[in-house]
2 protein chains.
Amino acid sequence: MEHVDRGDQADRADRVVGERRRRRPTKSGTVLSDDVIVDCAVRLIGHQGAEALTVRKLGAALGCDPTAIYRYFRSTDDLLLAIADFLIGETLVGYRPGPDWVASLRELGLRVRDGYLRHPRVAAIAAARVTRRHNEFRAVEMGVSLLLSAGFSPADAVRYYRAFIDTVLAHAALEASYTALAPEVRAADDRSWEETYNTLPKADYPAIGTVRRHLAEEMAGSPFEDVLDLVLESLARRV
Amino acid sequence: MEHVDRGDQADRADRVVGERRRRRPTKSGTVLSDDVIVDCAVRLIGHQGAEALTVRKLGAALGCDPTAIYRYFRSTDDLLLAIADFLIGETLVGYRPGPDWVASLRELGLRVRDGYLRHPRVAAIAAARVTRRHNEFRAVEMGVSLLLSAGFSPADAVRYYRAFIDTVLAHAALEASYTALAPEVRAADDRSWEETYNTLPKADYPAIGTVRRHLAEEMAGSPFEDVLDLVLESLARRV
DNA sequence: CATCTTATGTCAACACCATTGACGTAATTC
DNA sequence: GAATTACGTCAATGGTGTTGACATAAGATG
């Protein structure tokens, strides 16, 4: 796993306790920290699914009492935000905006989507949240900066950054939750476009009948890049 | 409540039992059925909020033992899908595509989104799934038909329908899962744009510093209509 | 009308879940 | 070496979905 920027004081401002000095090993010997907990949680979700993120299972995986986690995070929601921010940081590793703002936003969008797809189960629960943490600040800064450099007014830069990032996050989350489905369920969904939809009576569904041959092919892939380009295309015209 | 098309046999194929003949009144006198349960669940969510959809509370609202629900639905997930199907039907009630395909698609998008927002918890779970049911067929037929009438080739009509509907569903789901959050959590997320983001050092985050005054306002609302227009604008240009 | 069958409402119980408060002890500080 | 306290542990509370046994009313059969 690549190094993820974990931020500085700004990140820790709302942690349960500030600077840690005393660390007491758990019964099983491991020494806890926020980072250890987040890493373990990400691995747990990736391996067992989103529903495995419970304080009890996390405690078991960490080898500590479940309630020890509350010494580091105020609630499971607080922990969830930390996990989400970890994800954002992972997607930003190595990213540098270039002079072409459209191309740069496009790459940012593709990166976020790739990062989310790499941890679909985390993405499905975290996409809608505002993490209020370091890595999210960095992403907002980059995106808004690109739109400002494109020539948008401050108000429009914020407005269109929101439209852009929500589109990316929304599609990423949708795709992620689809990826997270059980393989046989997903396969059945894919097949339905050639099976179920191909058997619909043409009299009742003339349009579906007309495009019948293209359904399976076009519905199988992801529309993400299409949508990204549609949105960026309109943005470029509005600047 | 308006009449919602409940479909035919295809819908009922996976019900717990087939044709019901015997109906025994509950302790409180009401007679149960799948439709009664779904209606009650929808009302419950609408009235008491998202977190009210539990078998116990639903049982209380129906005036029956919570476990009676399992005579009609295999699990709460099964119930959720039935509710989702009901929802899709609801969003389509009274919808008629007009001669202007852009305006018609726009209205379809807004309708789907409104329907989802009215029951956010259901939407958050159901958006990623392909229901393969009656009301989904109707929606696909309408959308593809509109794009064909616009002049797109069959292949492009399918491709862009996918881009369009995924954008609508993805944003609706994102917004819905945000709406489904506990009120105090959502309030904290909202506040963060004026609080946390306004206190970030301008030296480290120059772009955020520049747009500071617009953050709270622009981030508070929904970018849905903006995105819808951005996508439709590009589509109209590509036809 | 009487009897049989069974659909289905009810009940108790189980195994989870997040979260809180009290408690003891080990780690740091002085 | 004593004092302080961070923090891991434990017990308990009140929520959740779900299952299996049980009982009884509705409908079928005669």
Side-chain angles (χ1 to χ4, degrees), chain A residues 12 15-37 40-41 44-45 48-83 125, chain B residues 12 15-37 40-41 44-45 48-83 121-122 124-125 180-185 188:
Chain A
R12 326 242 168 202
R15 291 286 160 80
V16 173
V17 299
E19 194 64 22
R20 306 245 165 198
R21 284 157 302 152
R22 304 185 189 183
R23 296 195 169 178
R24 184 176 170 181
T26 67
K27 230 175 180 180
S28 71
T30 57
V31 174
L32 296 180
S33 71
D34 357 34
D35 290 348
V36 165
I37 294 175
C40 185
L44 193 65
I45 297 172
Q48 300 207 27
E51 65 282 357
L53 186 61
T54 72
V55 282
R56 285 165 219 273
K57 286 174 186 162
L58 189 50
L62 284 163
C64 70
D65 188 276
T67 63
I69 292 156
Y70 290 96
R71 299 283 172 205
Y72 297 86
F73 301 96
R74 257 191 305 285
S75 62
T76 49
D77 187 70
D78 195 25
L79 170 61
L80 191 65
L81 291 183
I83 295 171
I125 43 182
Chain B
R12 322 239 168 205
R15 290 286 160 81
V16 172
V17 299
E19 195 63 23
R20 305 246 167 199
R21 282 159 305 152
R22 305 189 187 181
R23 298 195 167 178
R24 184 176 170 181
T26 67
K27 227 176 180 178
S28 70
T30 57
V31 174
L32 296 180
S33 72
D34 356 37
D35 290 348
V36 165
I37 294 175
C40 182
L44 193 65
I45 297 174
Q48 298 210 26
E51 66 283 355
L53 186 61
T54 73
V55 281
R56 284 166 220 274
K57 287 173 186 162
L58 186 51
L62 284 163
C64 70
D65 188 275
T67 63
I69 293 156
Y70 289 96
R71 299 282 172 206
Y72 297 86
F73 300 97
R74 257 190 301 286
S75 62
T76 50
D77 191 67
D78 194 26
L79 169 61
L80 226 40
L81 288 181
I83 295 171
R121 191 184 180 195
V122 180
I125 301 172
L181 292 175
E184 68 275 12
V185 174

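All figures in this text were calculated on a predicted structure; none of them were measured in a lab. Letters go in sequence order (proteins before strands), and every chain restarts at 1. These numbers come from the heavy atoms of this one structure, side chains and all, not from hydrogens, waters or symmetry mates.
- Expressed to the nearest 0.5 Å, how far CG of A/Leu79 lies from CG of A/Leu53 amounts to 5.5 Å.
- Once rounded to the nearest 0.5 Å, the distance linking CD of B/Gln48 with CG of B/Leu44 reads 5.0 Å.
- A/Asp34 places its CG atom 11 Å from the P atom of D/dG8, with the value rounded to the nearest Å.
- Screening residues 57-69 of chain B for side-chain hydrogen bond (donor to acceptor under 3.5 Å, both in side chains), with sequence neighbours left out, gives B/Asp65-B/Thr67.
- By the side-chain hydrogen bond (donor to acceptor under 3.5 Å, both in side chains) test, B/Thr30 is found to be paired with B/Thr26, residues two or more places apart in sequence or in another chain being considered.
- Remark: B/Leu62 engages B/Leu32, B/Val36, B/Ile37, B/Cys40, B/Leu58, B/Cys64, B/Ile69 in a side-chain contact (heavy atoms from CB on, under 4.5 Å) (not counting sequence neighbours).
- Regarding A/Leu58, its CG atom lies at a distance of 13 Å from the P atom of D/dT9, rounded to whole Å.
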* To do: Could you check A/Asp35 against A/Tyr72 for side chain to side chain contact (heavy atoms under 4.5 Å, CB included), going step by step and ending with a plain yes or no?
  => CA-CA 10 Å; A/Asp35 290 348; A/Tyr72 297 86; over 6 Å; no

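- For the helix from C/dC1-D/dG30 to C/dC30-D/dG1, the axis fitted to the five pairs at one end and the axis fitted to the five pairs at the other end meet at an angle of 10° (nearest 10 degrees).
- If you measure from atom CG of B/Leu80 to atom P of D/dT18, you get 11 Å, rounded to the nearest angstrom.
- We find that CD1 of B/Ile69 is positioned 13 Å from C1' of D/dT16, with the value rounded to whole Å.
- As a whole-Å value, the separation of A/Leu62 CG from D/dT9 P is 11 Å.
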* Asked: Just by protein heavy atoms under 4.0 Å, how would nucleotides 17-25 of chain C read 5' to 3' in B, S and -?
  -> BBBB-B-BB

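- Rounded to whole angstrom, the span from the CD1 atom of A/Ile37 across to the C1' atom of D/dC7 amounts to 11 Å.
- Between A/Phe73 and the options A/Val55, A/Asp78, A/Leu81, a side-chain contact (heavy atoms from CB on, under 4.5 Å) holds for only A/Asp78.
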